[in-house]
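Structure record follows, encoded as structure tokens.
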Amino acid sequence: MRLFIPKESDPSERRVPLIPADVSRLTKVGIEVAVEAGLGATIHQPDSAYADAGAEVVTDRAAGMGKADVVARIRKPAADDLNGLHAGCVHISFLDPFNVRALVEKMVESRVTGISMEMVPRTTLAQKMDALSSQASLAGYVAVNLAAQHLHQARPM
């Protein structure tokens, strides 16, 4: 199985779906991992860190998409990104399926399976995959750190 992680198109998106440590875990179980060049720039991870972990660093986005069995990203894909995916490919991201009907119809037409992370049930059984809770926790952590920067006194942990 080949996993491809494209760079996010939205310049305001700083998150990445895969860090180099995760690449090495995936390659150890036989998954081929390819990442688009520059993927880790927003988290200060050079392409060499991904390559050292076992990923192929791809400069041609369309080629990376075309060879992928699974594509994982943060935000929903542009319509152009779907053109290169082969039938049977699985696309994992936040898809917002109730508000982007044309995108969902294009995925159906292309025979691409979409897994929408915000639709994962919020139960204890699916807790490890509950992206909404993890992102809310992260936002809270960031908010506390930002608030602490504006205090004029030291605070205990």
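Heads up: numbering here begins at 1 and tracks the sequence.
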State the [atom1]-[atom2] distance between [X] and [Y], to the nearest 0.5 angstrom.
X: R101; Y: N99; atom1: CZ; atom2: CG; value: 12.0 Å
X: E56; Y: L3; atom1: CD; atom2: CG; value: 12.0 Å
X: L18; Y: L39; atom1: CG; atom2: CG; value: 7.5 Å
X: R14; Y: E8; atom1: CZ; atom2: CD; value: 13.0 Å

Is there a continuous path of hydrophobic side-chain contacts, each under 4.5 Å between heavy atoms, that joins L85 to M117? no
In terms of hydrophobic clusters joined by side-chain contacts under 4.5 Å, are I43 and V57 together? yes
Decide yes or no on side chain to side chain contact (heavy atoms under 4.5 Å, CB included) for S116 and H91, but give the supporting numbers first. CA-CA 8 Å; S116 186; H91 184 281; over 6 Å; no
Determine, step by step, whether V104 and L95 satisfy the side chain to side chain contact (heavy atoms under 4.5 Å, CB included) criterion, reporting the C-alpha distance in whole Å, the side-chain angles of both residues, the deciding distance to 0.1 Å, and the verdict. CA-CA 9 Å; V104 172; L95 289 172; over 6 Å; no
For [X] against [Y], the heavy-atom pair lying closest together:
X: P6; Y: V71; result: CD-CG1, 3.8 Å
X: T27; Y: A53; result: OG1-O, 3.7 Å
X: P20; Y: A49; result: CB-O, 3.7 Å
X: V23; Y: G54; result: CG1-C, 4.0 Å
X: F4; Y: E36; result: CE1-N, 3.8 Å
X: C89; Y: V70; result: SG-N, 4.2 Å

Quick one: does any side-chain atom of [X] pair with a main-chain N or O of [Y] as donor and acceptor, under 3.5 Å?
X: S110; Y: M107; result: no
X: D47; Y: A37; result: no
X: E118; Y: D96; result: yes

Just do the side chain to side chain contact (heavy atoms under 4.5 Å, CB included) check on V16 and I74 with the steps written out, would you? CA-CA 7 Å; V16 297; I74 302 295; 5.8 Å; no
Got a salt bridge between E13 and R73, using NZ or NE/NH1/NH2 to carboxylate O under 4.0 Å? no
Check ion pair R2-D69 (N to O, under 4.0 angstrom):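 Salt bridge absent between R2 and D69.
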Say whether R111 and H86, considering side chains only, have a donor N or O and an acceptor N or O under 3.5 Å apart. no
Show, in sequence, the C-alpha distance, side-chain angles and deciding distance for K76 and F94, and conclude whether the side chain to side chain contact (heavy atoms under 4.5 Å, CB included) test is met. CA-CA 6 Å; K76 61 185 164 261; F94 288 98; over 6 Å; no
